Amino acid sequence: MKLYKRKNNTMQYDFNDIEAKWQKYWAENQTFKASNNSDKPKYYVLDMFPYPSGAGLHVGHPLGYIASDIYARYKRHKGFNVLHPQGYDSFGLPAEQYAIQTGQHPAITTETNIKTYRRQLDQIGFSFDWSREVRTSNPEYYKWTQWIFIQLFESYYCNNDNKAKDIKELTSIFSSEGNANVNVACDDDIEAFSAEAWNSFSTEKQQEILLKYRLTYLAETEVNWCPVLGTVLANDEIVNGVSERGGHPVVRKKMTQWSMRISAYAERLLQGLEDVDWTDSLKETQRNWIGKSVGATVSFNVKDHDEKIEVFTTRPDTIFGVSFMTLAPEHELVSKLTTADQKEAVEAYIEKTAKRSERDRMADVKTISGVFTGAYAEHPFTKELVQIWIGDYVLASYGTGAVMAVPCGDQRDYDFAKHFNIEIPNIFEGVDISEEAFTGKDNVKIANSDFLNGMNYKKASKRAIYDLEQLGQGEGKTNYRLRDAVFSRQRYWGEPFPVYYVNGMPQMIDAQHLPIQLPEVEKYLPTEEGEPPLGRADVWAWDTKNNKVVSNDAIDNETVFSLELNTMPGWAGSSWYFFRYMEEAANRGGVFASEDALNYWENVDLYIGGAEHATGHLLYSRFWVKLLKDRGFVNVEEPFKKLINQGMILGTSAFVKRIGFRVADLNLEILKGSKEDKDNYKSLQERLSLIKEIYISDDLIKYLKKGYNSDNESYGDKEREHNEKRKEILDNFYPVIEYEINKLNLKGKVSVDTSLLNFYKTHVKVQYVNASDELDIESLKNDAEFGAEYRDAEFVLEDGVYKVGRDVEKMSKSKYNVVSPDQICIDYGADSLRLYEMFLGPLEQYKPWNTAGITGVHNFLKKLWKLYVDDNGLKVNDAEPTKDNLKTLHKTIKKVQEDIENFSFNTSVSTFMIAVNELGAQKCTSKEILEPLLVLVSPYAPHIAEELFSKLGNSASISTADFPEFEASHLVESSKNYPISFNGKMRFTLELPMDLSKDEIEKAVMAHEKTIAQLEGRTPKKVIVVPGKIVNIVG
RNA sequence: GCUGAAGUGGUGGAAUUGGUAGACACGUUGGACUUAAAAUCCAAUGUCCAUUAGGACGUACGGGUUCAAGUCCCGUCUUCAGUACCA
């Protein structure tokens, strides 16, 4: 029976009620709806939109959203028209995998998941303009993704003007002058044709040629095929040779696929990085990914063959150092050049390397291998013959798949030459190459190189290229590592291509007939013939007469044709969504965003999201924006002006440690026995170690891991204590083991050797562990999912509690360390969650989630509340603020403003705490102070700020209030508490008026009794006085 | 290997241009209030020595510059992230 029931006092800080009230108010009043017409300056704050997964939000997700929300709210207070939208990247693999397992349509699971996300986002109080929500899986949205795809198809890239243009311009050039003089981005295998030839080609032939020029094209390419996922993956979707999602193996496979000619934009993507305000590390990652290298192509004639070997080199200055050539084993000339003598060896080598996966090749860089082909190439200048080798250190996928080996200047060539005893000519003046290659290019002169002798790198390179050009055997060239991006996915849950096929040639469906909607299929798996899931659709053909999707039965290849079976990758919809938000939902029908909207919002001013998108989303978006700009649809060159990567919040996993014991006596005998005996022993041991679960509290484990020998010299009190504790613990569970052994009737045959204890770690759900790492054993045993495993277990406690082991890992369902924001919002409120996530530390940093400190920020909010309200109601009045009140307020204004502008949100929270502590101590009740304080707090803790703001008599939302103006005059001090140092060590402080001159300060300090005591009669050599800062006495 | 970031109490972290290292908070300890608990409030809390006064040490490690270094310079170590035979 409760003796005392707390009075339901409206003067309490009842955060649940307050937060629900204001969330409702914001929604009903559309408080955060952005306008496309405003006199205010615009500001666009964007979060990377989430993929709505089935697991819902965990506390790591909102970190970036809270930061961007604080910034958006701050900008509103500062008089900006703020666009702060949110939406869902709702196409993707997990929903489809779930569909495969359950048969549930991905659209349904996605819808359910979005509902959960929305509820969770709403309860945190974000100031999103939900009226502009987008979902990439919505046909009204992907209509425009398809439309952009068509624009890419209808474009080529002109290298002269450095921009994409309408493909029609190219065809008109072809029909008037052929392709001899065009300087455009295209495939490598282009054949020259004249205008007459072009005009005489069949339509199919023309289309086939044009595919080699279009910015999205269909081509047979070597792709990364993931058999488990049943789809191809882009380079950025592969991490360490396995798929990013799921970690499945990936193999190389030739397939006809849509590709994006992003390589055409390599230089502009690189240059554009100069104009954006991103972190250096992110820019560096993109630069590496683009991988620009400047050099030359050189073509080597082959002895007794018409073939030439093309190589790319960044060091044309070292051309006289070439002593052999190496081709990738996959190089197309290998089979043609190999002599009969070497045929067997070469084929064996190719077979061997083909077996090695890409991953093995990457992992094993040390082993040098290769085979001589028997063929010779001719040096372009000396005409000397050099051997042609093949070796797997040369990659088929980079450059031309062949290198001119300069062993004196390249370590790999050097190692190869040493290994196979190939000559290593030295072409560097005064450099010793007996131990290793000289890979630098600065401060060295070229020698033994005919006309290049005595030149430095820069000069020699230029000259070598010039002479190669004279010979017609080379030219200057810039190479990029950036590959064209594969755009087809063999999946169901993605955007369908607006493409049908006539005589094997892809045709675009006219934009007016979009969207081409995803068809229904009975299963979400590939077909038996290995076609993508869309191959299962019955209604998936294009009727060119009626311009609609019709049944496959109608395909006659006259007017009805088959549609593309692949779908677009996850990054298609996310590459342009930031433009869609610019347009109000009501006006989105006829355009992806109207010209007015695009011109008004321009680009994203602040973008916050995870660093894992550095080479995927952030590169592809930039590419599409440049294309849209070139084709005149948008006016910006870069989508994201400023970008911040928030760090990840990691989970603190909890482990219980189980003891396993080995059977010692049996061990020795059995190990001498037959294989069968050994197997029996093994299974017996496994059984034994499982007969009884014994879990040891974490701090006790150290006693079990080691015992001390009392005969040892170093044996002392510490060791004795350790051993006693050890015995105590062992005694605790030893009888249990004995009992189990008895039960198995093994007594006498086995004994348990405690020196052979093993410990097994098992994750337990973090919700059963409190802040002091103590496990709630009862709840664990009653867990619906895993309780049974622990029901009969023994728990060895210390001081009455079981302590778990802890480890910081990525938050994930499989590690049972996921913490949902829901419970925190219920227990402490959204404002506490928001403040706490910011209080954890700098935004960019990775940090483990630990709720231990949340009471700190929650107490702060309660203190804040009490500053305005006590048991008798509102206590704020019109009292004249004191000097101290004003000082506290204005130093807070200054600091908070600086912090927000520097994205240093953690320090603002401390600043608020200090302000509230000070104002509390000052017993401040002045509205003149307390009202502006609420505006400062409101971006961080908007609900409590709204509630108190309305209590102060305001009828409008606090989000419409102006940010308080900082006035420096309130911070002017009349005196300073000077730290007085002796030889740099602070000994005492001394309060002195601010307006004293240097000399007066020195005089005052030297006269002070503590100074005299410190000096003990010595005369100082020097006295440093920095007015307003410090005094240092030397000597 | 290369590139980038970081290393500060028991913990998260603060320290703006070199100028009182450890703000703010958590935790811990002690106290007040209470029959009791919760809540709240107050005090102490880098380490070591000292009864006190006070002193020594202290920002990964070793040097250096300076009146003064967590901050600048040189070298080393460790951790994390990215990248990897890129010719």
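Worth knowing before you read on, the calculation uses all heavy atoms, side chains too, and leaves out hydrogens, waters and symmetry mates. What you see is a predicted model, and the numbers here were worked out from it, not measured in a lab. Protein chains get the first letters and strands the later ones, always in sequence-line order, with residue 1 at the start of each.
- Between the P atoms of B:G13 and B:G7, the separation comes to 10 Å (whole Å).
- Across all strands shown, the partner of B:U40 is B:A32, judged by Watson-Crick or G-U wobble contacts whose two distances both fall under 3.5 Å.
- Distance check on atom P: B:A53 versus B:U45 gives 12 Å, rounded to whole Å.
- Each of B:U20, B:A87, B:A39 was ranked by its minimum atom distance to the side chain of A:K862; first place goes to B:A39.
- Mapping A:K866 and A:T400 onto RNA chain B via the closest heavy atom, the residue that lands nearer the 5' end is A:K866.
- With sequence neighbours excluded, the residues satisfying side-chain contact (heavy atoms from CB on, under 4.5 Å) with A:N906 are A:P842, A:S904.
- Nucleotides B:A60 and B:A6 are separated by 13 Å at their P atoms, to the nearest Å.
- Proximity of A:S293 to the phosphate of B:A87: a side-chain N or O atom is located under 4.0 Å from OP1 or OP2.
- Using P as the reference atom, B:G82 and B:U66 are 42 Å apart when rounded to the nearest Å.
- Taking 4.5 Å as the limit, some side-chain heavy atom of A:V311 sits within range of a side-chain heavy atom of A:I309.
- Counting to the nearest Å, the C1' atom of B:C86 and the CD atom of A:Q411 are 16 Å from each other.
- Annotation: side chain of A:D831 is in contact with side chain of A:R834 (closest heavy-atom distance under 4.5 Å).
- B:G63 takes the anti form, because its glycosidic angle lies more than 90° either side of 0.
- More than 12 heavy atoms of other residues, nucleotides or ligands lie within 6.0 Å of CG in A:N977, so this atom counts as buried by the packing criterion.
- Listed by chain and number, the residues in a side-chain contact (heavy atoms from CB on, under 4.5 Å) with A:A611 are A:N645 (sequence neighbours excluded).
- Partners of A:F312 under the ring-ring contact (aromatic ring centres under 6.0 Å, His included) rule, at least two apart in sequence or in another chain, do not exist in this structure.
- Ion pairing of A:K866 with A:D870 is absent here, as no side-chain N (NZ or NE/NH1/NH2) approaches a carboxylate O to less than 4.0 Å.
- When both distances must be under 3.5 Å, the Watson-Crick or G-U wobble mate of B:U71 does not exist.
- Between A:F839 and A:Y836, the ring planes are tilted. Angles from 30° to 60° get that label.
- Across all strands, A:N917 comes closer than 4.0 Å only to sugar-phosphate atoms, never to a base (heavy-atom distances).
- The side-chain heavy atoms of A:L482 and A:I262, taken from C-beta on, include a pair separated by under 4.5 Å.
- What separates CZ of A:R287 from P of B:U3 is a distance of 15 Å, to the nearest Å.
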Problem set entry | Per-nucleotide protein contact string for nucleotides 13-19 of chain B (B base, S sugar-phosphate only, - none; heavy atom under 4.0 Å) | SS-B--B

Find every protein N or O atom lying less than 3.5 Å from an N or O atom of nucleotides 52-60 of chain B, and list the pairs.
residue, atom, partner, partner atom, Å
B:A56, OP2, A:R987, NH1, 3.2

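- Atom pair A:L650:CG and B:G12:P shows a separation of 13 Å (rounding to whole Å applied).
- Checking the phosphate oxygens (OP1, OP2) of B:C86, a side-chain nitrogen or oxygen of A:R412 falls inside 4.0 Å.
- Nearest-nucleotide mapping onto RNA chain B: of A:G853 and A:N977, the residue sitting toward the 5' end is A:N977.
- Summarising the local packing, NZ of A:K887 is surrounded by 12 or fewer heavy atoms from other residues, nucleotides or ligands at distances under 6.0 Å.
- With P as the reference atom, B:C49 and B:C2 are 45 Å apart, rounded to whole Å.
- Comparing B:G63 with B:C57, their P atoms sit 15 Å apart, to the nearest whole Å.
- Distance from the side chain of A:L395 is smallest for B:C86 among the nucleotides B:A39, B:A23, B:C86.
- In this entry B:G18 has no Watson-Crick or G-U wobble partner, no candidate having both defining distances under 3.5 Å.
- B:C2 is paired with B:G82 under the Watson-Crick or G-U wobble criterion, all donor-acceptor distances under 3.5 Å.
- Of the P atoms belonging to B:G19 and B:G4, the separation is 26 Å, rounded to the nearest Å.
- For A:K1021, there are no side-chain contact (heavy atoms from CB on, under 4.5 Å) partners, not counting sequence neighbours.
- In this structure, A:N850 does not reach the B:G27 phosphate: none of its side-chain N or O atoms is under 4.0 Å from OP1 or OP2.
- Remark: P of B:C26 and CG of A:L835 are 13 Å apart, rounded to the nearest angstrom.
- When rounded to the nearest whole Å, the span between CG of A:N288 and C1' of B:A84 equals 10 Å.
- When both distances must be under 3.5 Å, the Watson-Crick or G-U wobble mate of B:U51 does not exist.
- Comparing B:C86 with B:G18, their C1' atoms sit 43 Å apart, to the nearest whole Å.
- Using the Watson-Crick or G-U wobble rule with both distances under 3.5 Å, B:A25 pairs with B:U11.
- In terms of phosphate contacts, A:R481 brings a side-chain nitrogen or oxygen within less than 4.0 Å of OP1 or OP2 of B:A84.
- Here CZ of A:R287 is found 12.5 Å from CG of A:L269. Values are rounded to the nearest 0.5 Å.
- For A:N859, no side-chain nitrogen or oxygen approaches OP1 or OP2 of B:C41 to under 4.0 Å.
- In this entry the distance linking CG of A:D413 with P of B:A87 reads 11 Å, nearest Å.
- The separation between A:E844 atom CD and B:C80 atom P is 20 Å, rounded to whole Å.
- The CE-C1' distance, from A:M913 to B:G12, rounds to 12 Å in whole Å.
- Using N1 to N3 plus N6-O4 or O6-N4 for Watson-Crick, or N1-O2 and O6-N3 for G-U wobble, each under 3.5 Å, B:A60 pairs with B:U76.
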